[in-house]
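Before any comments, here is the structure.
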Amino acid sequence: MESGSTQFFFLIDKLRIQLLNSIEGATEKDYFQEEISPFDSGVGLQMSSGHSVTTVKSNCLASVTKFAQILKILSVIYRLVQSNSYATKRDVYYNNTQLFGSQRSVDTIVDDISCMLKVSRRALHVMATSKGLIAGDLCYLEEDGTRIDCRSSSAAVSVSSNVSGIRNIVSSAKFVMIVEKDATFQTLLNDDFCRKLSPCIMITGKGVPDVNSRLMVKKLWDTLQIPIFALVDADPHGFEIMCIYKYGSVAMSFEAHSLTVPSVMWLGLLPSDLQRLMVPKRSLLPLTRRDENKLNSLLKRPYFASQPQWQKEMELMQQSKVKAEIQSLADIAPDFLTSIYLPNKLRYGGWL
Amino acid sequence: MLQEIRQVLRLVVLMSKQGRRHGSGSTGGLLILLWDEEAGAQRLNCTVAAAGSWCSGVEIKALQLDLKGRMFPHVSPSLEPDPEDLIPFTELHGSLRLLLSFQMKDARHWPSDWQSDVEAVLQAFSLANAGIQIHLKLKFAQKTSVRDFRAKIKAKVSRADQPPLLLDVSCPEQKRWFLSKPHGWAKRASWCQGGHPVDGGRLPLGIPPQAMDGGLLGDLSVRLVTLLHPCVLQYPNMPTELKSIKVLVYNPCNIPVSGPSGFFQTLPSSMDCQHLGLRGLQCPAHKDPEFRVGTVFTTEQWENEKKCDDEEQESSHLPVQQSLLLFLLLQHRNPFCSHLSDFVAADMLIEHHLEEILCNNKPAVMAAIRTEIGNAMKAQNQRKKQQEKLNSAAEVILSSTMSIVSCSSNVDFRNACFDLMKVADTHALSSHLGESLRRVMSWRFLPVGRCYSTQMEENLLHHGSTKSEI
């Protein structure tokens, strides 16, 4: 395989043109409907205008602590904004661990404040701690002027905690590949995937992605406008993670426009791949009760109205009652993933 | 005089119990008329009249001479009362079921405050017999005074194995703390006019040998009922402090008995006060007018660490002082008692040997009293914990808010904050904000279905202005 050949990336380039055309053809109305529905295939999951109001009382024993937590975080945010400094959510938590009790409390309240004030979390000067990694044909400058080069073949770069401050993005990548798990990402990194299939970028959120990882994917799409593929396990959890990148999450639906990339394509591992590639049975796992419940729940989501092929794949999983991780491809051959599966998928348009 | 009045009450109750028809009620009236024939006379006449369903079984004509002699050894026949004094009573309660008059001699030997003693006994009687309206009329030394004892709010306490009890649960005037607050910040609030009795159940008592030798046989037990005043259920964040415990003992006729002082003097030492959350219990050395009947204990609480200098702050921080009324209602059953005289004798024996009865059952009675006090303290301690949580949160809320305001460089914003709280600077803002916040927290009102609510008059601040609530 010649990674730089025009032939190899023909279908990817063609996809890119299709995507660009679909963007140009979209009107404002597609994105900003008068009546915002909870789901829009062009945006993803959005907060509906008919929002519910939660009242937090200072004189109610059940909510007084939350009231205090909210005011405390507001005062922290106020100081940060005033001094034009930034802090992570972790920093905020350690400001008063006894008051907050857990990191989760802080995270929830920061999101609530962001939604209440209708501003991005970035505007609150509270940054999420990044957990994602990125590698490949990409260089950019951080807000403070630090130059980041992701082209090292052996080590990945942590996703910036200030994605909106990134500038001067330089890349000749043909596509971006979102990898669900860190284990798969490391495997690809060790197998020199980015050089073999250069030019490309791969990114992982290490499972359910944090906001910064999602922002980074969004930024790459907005800046480079190249196809974005998702490589997830063939199980309901993997599918859900892919949907978070593509359509967003309920928790962050108020920021859908800045976080979702509806053009994400499902590269693999498809349920139909398991049959087609004759993945050894010992590598297949039965769906648990939890998997089945999640699968049923996913099938009820509004995503599938615009993705009939996805629905077919999920129904296939439902019928076969099996799931598989990407690592199962190693049972076919140790380097099957990077040498056969991915190159063929990318070359011959094996995405949905 | 007190003795005789109590004997009359005993007689009326026992007679009405004996003769009561199935399904007859427990309401009606009781008139006690005390008058002297002429000014300076040392004899006092007493007329007791009863009417209503509570005494429907009374047949005064059946009162035998021997019983009369036993119950009223120091009385003489009396003149009939002025019918004019009876008319208002009969108009209110219907025709008389009982009219009994007698005369007391040697009034000069009576205690100077005998009237207060009579009133105290009738007041205590009214508490446990709330269906009966008691009218006390004194025409003495050319003065007439009338005092009515009636329950504004009644509550029925019933259990499957217990006779129903109708209690007067009205909150006493002196306990209505809301009205005494000089600075009204709750614009329209309701307060509960009554209390909510808690039935502590029945405790069997062993009859001591001395009482048995005297002829007291059968089953003896005591029923414990507690009543907390004032009720603050509708103010879940209001801290409370149990200030006093009043123990009232009633004989099987539901008539309050005095003492047994010896037994109750040992109560403070028998209570595990620390376990209850109290520093101690004290029995007052002297008898205040309020405490003529029953035994009253004042509690010693652990002092609050915070001392407030500002009077206004202090008044809003002070816990609501509550009093616990503990009814000990003796009950007696003897299947061999059939005549009125048997019941009277048993009742009198119980009163006579009350001290021994309670001492004979001291561990059980003390444990039961401890349980009832403990339950009242549980509620108080729960509120204290809640108060700590609220105070802790209030500190954070106040410091966070002040941090924003004091750090703000926006003059308009700062002025808007000052104007809202009607203060001139951040120091005053902090003080008023804190007070306002604590007020909002403490005065949180949640209506409770079983409370006897009324609208409170809107109180204006003494300086005539009102402050906005945050």
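Here is the naming used below: chain letters follow the sequence lines, and residue numbers restart at 1 for every chain.
Residues B:N237 and A:N59 have side chains in contact (heavy-atom distance under 4.5 Å, counting atoms from C-beta outward).
Between chain A and the residues B:P236, B:A394, B:S403, B:S408, the most heavy-atom pairs under 4.5 angstrom are made by B:S408.
Applying the salt bridge (charged side-chain N to carboxylate O under 4.0 Å, His left out) definition to pairs two or more places apart or across chains, none involves residues 94-104 of chain A.
Scanning both residues, A:S58 and B:I397, for their nearest heavy atoms gives CB-CD1, 4.5 Å.
Rounding to the nearest 0.5 Å places CG of A:L61 at 8.0 Å from CD of B:Q382. A distance of 10.5 Å separates SG of A:C60 from CE of B:M441, quoted to the nearest 0.5 Å.
Contacts of B:S399 with chain A are absent, with no heavy-atom separation under 4.5 Å from either backbone or side chain.
Around atom CZ of A:R79, no more than 12 heavy atoms belonging to other residues, nucleotides or ligands sit under 6.0 Å away.
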>> side-chain contact (heavy atoms from CB on, under 4.5 Å), that's the test. Do A:S75 and B:T401 meet it? Break it down for me.
In response: CA-CA 7 Å; A:S75 72; B:T401 310; over 6 Å; no
> What's the verdict on side-chain contact (heavy atoms from CB on, under 4.5 Å) for A:L74 and B:S400, showing C-alpha distance, side-chain angles and the deciding distance?
Replying inline: CA-CA 8 Å; A:L74 277 171; B:S400 301; over 6 Å; no
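Identified by a heavy-atom distance below 4.5 Å to chain B, the contributing residues of residues 80-100 of chain A are A:Q82, A:L99, in residue-number order.
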